[in-house]
Amino acid sequence: MTLFPEMFPGSLGCSLAGKALADGLWRLETVDIRGFAGDKHRTVDDAPFGGGPGMVMRPDVLDRVITEAAGPGPVIYLSPRGRLLDQARVKTLAAGPGVSLLCGRYEGVDERAIEARGIEELSLGDFVLSGGEPAAIALIDACVRLLPGVIGDQATLAEESFEDGLLEYPHYTRPQVWEGRAVPEVLLSGHHDRIRQWRQEQREKATRERRPDLWERRLASQGAEPGPKNG
Ligand code: 4HQ
């Protein structure tokens with residue numbers, strides 16, 4: 001549900017998601033919110049009560065589009081005020097019957113429309129987009145790649161970040177030396193157990209250094225005491 005239906009399928013029509021869409025492994029229905037306006041000028045927004053910049057999407061229009069056009073599964077409003085999207089939520093959505101995404105433009109939507117229908121609010125991160133559409137495309141992309149048959153190699157899916165709350169290990173390919181930088185020796189050794197162990201160490205080191213928040217959560221889930229020793 002969007003005021004800019006021409007933004008879809010966008011990148012979802014390309015690459016793996018696009019092939020899977022063409023193959024009927026998933027479906028996308030783009031609904032133009034403007035088609036649910038109540039007047040001949042097709043008004044969907046108005047000035048904010050209390051003053052301030054920008055325009056707010058009207059709750060009556062939003063409720064009509066949600067009631068008439070939402071499909072099976074949850075209705076989600078994409079907004080920086082929402083809970084942060086994570087891989088666990090993506091997995092649950094991908095396993096479900098579908099999802100209906102409400103894309104806001106301007107300053108956003110009238111709060112009552114979200115409240116009254118118990119709409120879930122999700123954020124992609126602590127930054128500001130010009131509309132919910134790129135966030136919706138990102139959420140759909142994350143879900144679609146988990147659908148059976150979309151990614152050929154299931155090992156690729158299982159090995160990557162967040163399956164166990166750790167970041168990925170670093171990857172290398174040819175040339176073996178590039179701008180004086182050699183590929184780590186262990187990867188050329190052919191010792192598959194040593195390679196596995198090295199990669200696991202790299203994952204832990206990267207998570208500790210780059211994402212202390214994920215590292216703490218992992219320790220907590222293992223029942224460890226957070227702090228300088230296990231931090
Ligand atoms: N916006 N994660 C403002 C976002 C956003 C985000 C979408 C901009 C909603 C009204 N959406 N509109 N960050 O920045 O999801």
Side-chain angles (χ1 to χ4, degrees), residues 1-15 17 26 28-38 41-71 73-96 98-146 161-162 167 210-211 213-214 217:
M1 296 170 275
T2 172
L3 286 172
F4 295 90
E6 64 276 17
M7 289 193 186
F8 295 88
S11 65
L12 296 170
C14 306
S15 191
W26 67 286
L28 177 69
E29 201 179 316
T30 306
V31 176
D32 188 351
I33 295 171
R34 204 168 290 281
F36 293 81
H41 295 110
R42 304 212 298 164
T43 306
V44 294
D45 60 354
D46 210 327
F49 279 118
M55 298 289 268
V56 178
M57 291 169 75
R58 289 174 56 115
D60 50 350
V61 176
L62 293 171
D63 194 48
R64 272 197 297 274
V65 68
I66 290 163
T67 304
E68 293 178 38
V75 177
I76 294 173
Y77 173 57
L78 295 152
S79 145
R81 297 186 68 213
R83 192 177 71 82
L84 275 183
L85 179 64
D86 59 17
Q87 191 65 12
R89 188 75 189 103
V90 167
K91 271 191 173 181
T92 306
L93 290 173
V99 59
S100 298
L101 303 175
L102 177 61
C103 301
R105 279 268 149 180
Y106 319 115
E107 293 311 300
V109 304
D110 189 300
E111 188 67 20
R112 294 167 295 178
I114 304 297
E115 240 170 50
R117 301 295 172 250
I119 293 171
E120 179 179 353
E121 219 168 321
L122 288 177
S123 171
L124 235 54
D126 298 336
F127 49 83
V128 184
L129 299 166
S130 52
E133 288 81 2
I137 288 171
L139 186 155
I140 296 167
D141 180 282
C143 290
V144 164
R145 60 184 292 285
L146 298 183
S161 290
F162 307 124
L167 300 180
R210 299 172 178 216
R211 291 295 303 274
D213 57 324
L214 292 181
R217 200 181 314 168

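Owing to the predicted nature of the structure, the values given are computational and were not obtained by experimental measurement. We count ligands from 1, going down the list as the structure has it; atoms in each ligand are counted the same way.
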- Nearest non-hydrogen protein atom, atom 2 (N) of ligand 1: L124 N, 2.9 Å
- Query: Distance-only, no hydrogens or angles: does the S15 side chain make a donor-acceptor pair with backbone N or O of A17 under 3.5 Å?
  - Reply: no
- Message: Could you measure the distance from the CE atom of M57 to the CE atom of M1? Nearest 0.5 Å is fine.
- Response: 10.0 Å
- Message: For atom 13 (N) of ligand 1, what's the nearest protein heavy-atom neighbour? Residue, atom name and distance, please.
- Response: F127 O, 2.9 Å
- Note on the structure: Per-atom filter on ligand 1: closer than 4.0 angstrom to a heavy atom of G132 are 7 (C)
- Item | Mode of S79 contact toward ligand 1 - side chain, backbone, both, neither (heavy atoms, under 4.0 Å) | backbone
- Query: Closest non-hydrogen protein atom to atom 14 (O) of ligand 1, residue and atom name please, with distance?
  - Reply: L129 N, 2.8 Å
- Can you list the ligand 1 atoms lying under 4.0 Å from a non-hydrogen atom of G125? 13 (N)
- Message: Geometry only, no angles: is A135 polar-contacting ligand 1 at N/O separations under 3.5 Å?
- Response: no
- Message: At less than 4.0 angstrom from any non-hydrogen atom of Y77, what atoms of ligand 1 do you find?
- Response: 10 (C)
- Task: Give the residue, atom name and distance (to 0.1 Å) of the protein heavy atom nearest atom 12 (N) of ligand 1.
- Result: G104 O, 3.9 Å
- Task: Could you tell me whether some N/O pair between G108 and ligand 1 is separated by less than 3.5 angstrom?
- Result: no
- Protein heavy atom at shortest distance from atom 9 (C) of ligand 1: L78 O, 3.3 Å
- Message: Is it the case that over 12 heavy atoms from other parts of the model lie below 6.0 angstrom from the CD atom of E29?
- Response: no
- Message: Can you tell me how far apart CG (L3) and CG (D45) are? Round to the nearest 0.5 Å.
- Response: 7.5 Å
- Task: For G131, take its heavy atoms, then give the atoms of ligand 1 lying under 4.0 Å from any of them.
- Result: 7 (C)
- Item | Pairwise distance CG(L78) to CG(L129) - rounded to 0.5 angstrom | 9.0 Å
- Message: How long is the straight-line distance from CD1 of I33 back to CZ of R42, given to the nearest 0.5 Å?
- Response: 12.5 Å
- More than 12 non-hydrogen atoms from neighbouring residues, nucleotides or ligands closer than 6.0 Å to CZ on F127, yes or no? yes
- Message: Once rounded to the nearest 0.5 Å, what's the spacing between atom CD1 of I114 and atom OH of Y77?
- Response: 6.0 Å
- Side chain R58, main chain T43, donor-acceptor under 3.5 Å: no
- V128 heavy atoms, cut-off 4.0 Å: which ligand 1 atoms fall inside? 14 (O)
- Note on the structure: Closest to atom 1 (N) of ligand 1 among protein heavy atoms sits P80 CD, 3.7 Å
